[in-house]
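Remarks on the structure that follows.
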Amino acid sequence: MPELPEVESVRRQLDPGLSGRTVTDAWYDPIPAMPRQFLDVERVVDRKIHSVGRRGKFLISPLDEGLEVVMHLGMTGSFSFETNDPYVPYVRARLWLDDDRVLAFRDVRRFGRMAVVDAGRYEAIPTLAMLGPEPLSDDFDPDEFARVLARTKSPIKPYLLSQRPVAGVGNIYADEALWLARIHPTSRRVGRVRAHALHAAIRTVLEDSIDREGTTFRDYVMVNGDSGRNADFLIAYGQEGRPCPRCTTSLRKIVLGGRGTTYCPRCQRA
DNA sequence: CACGCCTCCTGTGCGC
DNA sequence: TGCGCACAGGAGGCGT
């Protein structure tokens, strides 16, 4: 569930707590079944964290010595600074800091990831290596977006989820943006005009959600434990059977690329 | 080589 | 009440 607005909200709380801190020790839960969940994490020890940045859904922190730590929340990941609470289940990794605080990475489903890499070397993280432009930056250009969409034969929604045409859009905001731009999720031909509408819609739904600190259904919380406030504002995602706010047609749910997909069959034309 | 499908993981909620 | 199963959806990998 963490998509760009949720990761950005986490980043904003993580940055002041981690910037300038040196990691004094690191631990992670070694899972034979998922050997790639943690990659070279021990290299973070004795390194100073300069800042906490973000690309798409990835948190990226520059360290000393030309290193970076790359973190991904997966489906259920969350960060917190440990307190004296008796027992917090599903903590998969901990970083001890030089101000005596301990950063805990909690992740029920183990889809999250943490890796230390040479800065900018993302061969071990293919989605990051192929990541599309940052949607809220000038790198996300409407005309270029239209050209990229024109080149693919994939249905638009699964293509958005690939992170290649634009970074950070997941299942929730794909449904929201497609609804706003009036594009059918299975559409294989998105022309220039609709590409421009989708470009604007993606920015709108992401910015609005960031303003509300993300969408919480169950697992997503920020570093301070608070939930995001965007769930009450969703129009399409999870709203199957409710009337479309534009045309009152009942919203329909289908499975597309293995993902639940909700849209308005009347105003989102194929 | 782009694309579509399966898999990883675990808790939840539903139908029977 | 209990059981079994579909479902949730991030990204990685593999077959076509």
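Numbered from 1 within each chain, the chains take letters A, B, ... in sequence-line order. None of these values were measured; they are calculated from a predicted model.
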Quick test: give all pairs of protein nitrogen or oxygen and nucleotides 12-16 of chain C nitrogen or oxygen below 3.5 Å, distance rounded to 0.1 Å.
| unit_1 | atom_1 | unit_2 | atom_2 | d |
| --- | --- | --- | --- | --- |
| dG12(C) | OP2 | Thr127(A) | N | 3.1 |
| dG12(C) | OP2 | Thr127(A) | OG1 | 2.1 |
| dG13(C) | OP1 | Arg36(A) | NE | 3.1 |

Using atom P in both nucleotides, what's the gap between dT7(B) and dC5(C) to the nearest angstrom? 16 Å

Is a donor from one side chain sitting under 3.5 angstrom from an acceptor on the other, for Tyr263(A) and Gln239(A)? no

Determine the interatomic distance between P on dC7(C) and the same-named atom on dC5(B); round to the nearest Å. 16 Å

CG (Asp138(A)) with more than 12 external heavy atoms under 6.0 Å: no

Calculate the interatomic distance between Glu3(A) atom CD and dG10(C) atom C1'; express it in whole Å. 9 Å

Please report, rounded to the nearest Å, how far the P atom of dG10(C) is from the OH atom of Tyr173(A). 10 Å

Grab the CG-P distance between Leu4(A) and dG10(C) for me, whole Å please. 12 Å

Only Watson-Crick and G-U wobble pairs with both distances less than 3.5 Å should count. Give DNA chain B in dot-bracket notation, marking inter-strand partners with |. .|||||||.|||||||

Do Ser209(A) and Tyr173(A) meet the criterion of a side-chain donor-acceptor pair at a distance under 3.5 Å? yes

Whole angstroms only, please: what is the CD1-P distance between Ile172(A) and dG10(C)? 7 Å

Please check the phosphate of dC3(B) (OP1 and OP2 only) for any side-chain N or O of Arg164(A) closer than 4.0 Å. yes

Indicate whether any N or O donor in one side chain lies under 3.5 Å from an N or O acceptor in the other, for Asp98(A) and Thr24(A). no

Please classify the nucleic acid contact of Ser162(A) as base, sugar-phosphate, or nothing, using heavy-atom distances under 4.0 Å. nothing

Non-neighbouring partners of Ala146(A) that pass side-chain contact (heavy atoms from CB on, under 4.5 Å), sequence neighbours left out: Arg192(A), Ala195(A), His196(A)

Euclidean distance for C1', dT12(B) against dA11(C) (whole angstrom): 22 Å

Assuming nearest nucleotide by heavy-atom distance, tell me which of Lys253(A) and His72(A) is located more 5' along DNA chain C. Lys253(A)

Evaluate the side-chain proximity of Leu149(A) to Ile156(A): yes if any heavy-atom separation is below 4.5 Å, no if none is. yes

What pairs of nitrogen or oxygen atoms, one from the protein and one from nucleotides 4-7 of chain B, lie under 3.5 Å apart?
| unit_1 | atom_1 | unit_2 | atom_2 | d |
| --- | --- | --- | --- | --- |
| dG4(B) | OP1 | Arg188(A) | NH1 | 3.3 |
| dG4(B) | OP2 | Ser154(A) | OG | 3.1 |

Rounded distance (nearest 0.5 Å) linking atom CG of Asp139(A) with atom CG of Asp141(A): 9.5 Å

For Gln37(A) and dC9(B), what is the distance between atoms CD and P respectively, to the nearest whole Å? 10 Å

Would you tabulate the nitrogen or oxygen pairs shorter than 3.5 Å linking the protein to nucleotides 10-14 of chain B?
| unit_1 | atom_1 | unit_2 | atom_2 | d |
| --- | --- | --- | --- | --- |
| dT10(B) | OP1 | Arg110(A) | NE | 3.0 |
| dG11(B) | OP1 | Tyr90(A) | OH | 2.1 |
| dT12(B) | O3' | Arg218(A) | NH2 | 3.1 |
| dG13(B) | OP1 | Arg218(A) | NH2 | 3.3 |

Starting at atom CG of Leu234(A), determine the distance to atom P of dA8(C), rounded to an integer number of angstrom. 15 Å

Do Thr186(A) and Lys157(A) meet the criterion of a side-chain donor-acceptor pair at a distance under 3.5 Å? no

Looking at Arg229(A), I'd like to know if its CZ atom is crowded, meaning that more than 12 non-hydrogen atoms belonging to other residues, nucleotides or ligands lie closer than 6.0 Å. yes

Given the P atoms of dC9(B) and dC3(C), what is the spacing between them in whole Å? 24 Å

Think Arg246(A) forms a cation-pi with Trp179(A), using NZ or CZ under 6.0 Å from the six-ring centre and within 45 degrees of its axis? yes

Ring-face cation contact, Tyr28(A) with Arg92(A), 6.0 Å cut, 45° max: no

Any salt bridge linking Glu82(A) with Arg101(A)? Criterion: basic side-chain nitrogen under 4.0 Å from a carboxylate oxygen. no

Less than 3.5 Å apart, any donor N or O on the side chain of Arg188(A) or Thr152(A) sitting next to an acceptor on the other? no

Length of the CG-P vector between Leu160(A) and dC3(B), whole Å: 13 Å

Just checking, any donor-acceptor pair under 3.5 angstrom between side chains of Asn230(A) and Thr215(A)? yes

Which Ile, Leu, Val, Met, Phe, Trp or Tyr residues join Val108(A) in one cluster when any pair of side-chain heavy atoms under 4.5 Å counts as a link? Tyr90(A)

Provide, to the nearest angstrom, the distance between the CG atom belonging to Leu149(A) and the C1' atom belonging to dA2(B). 15 Å

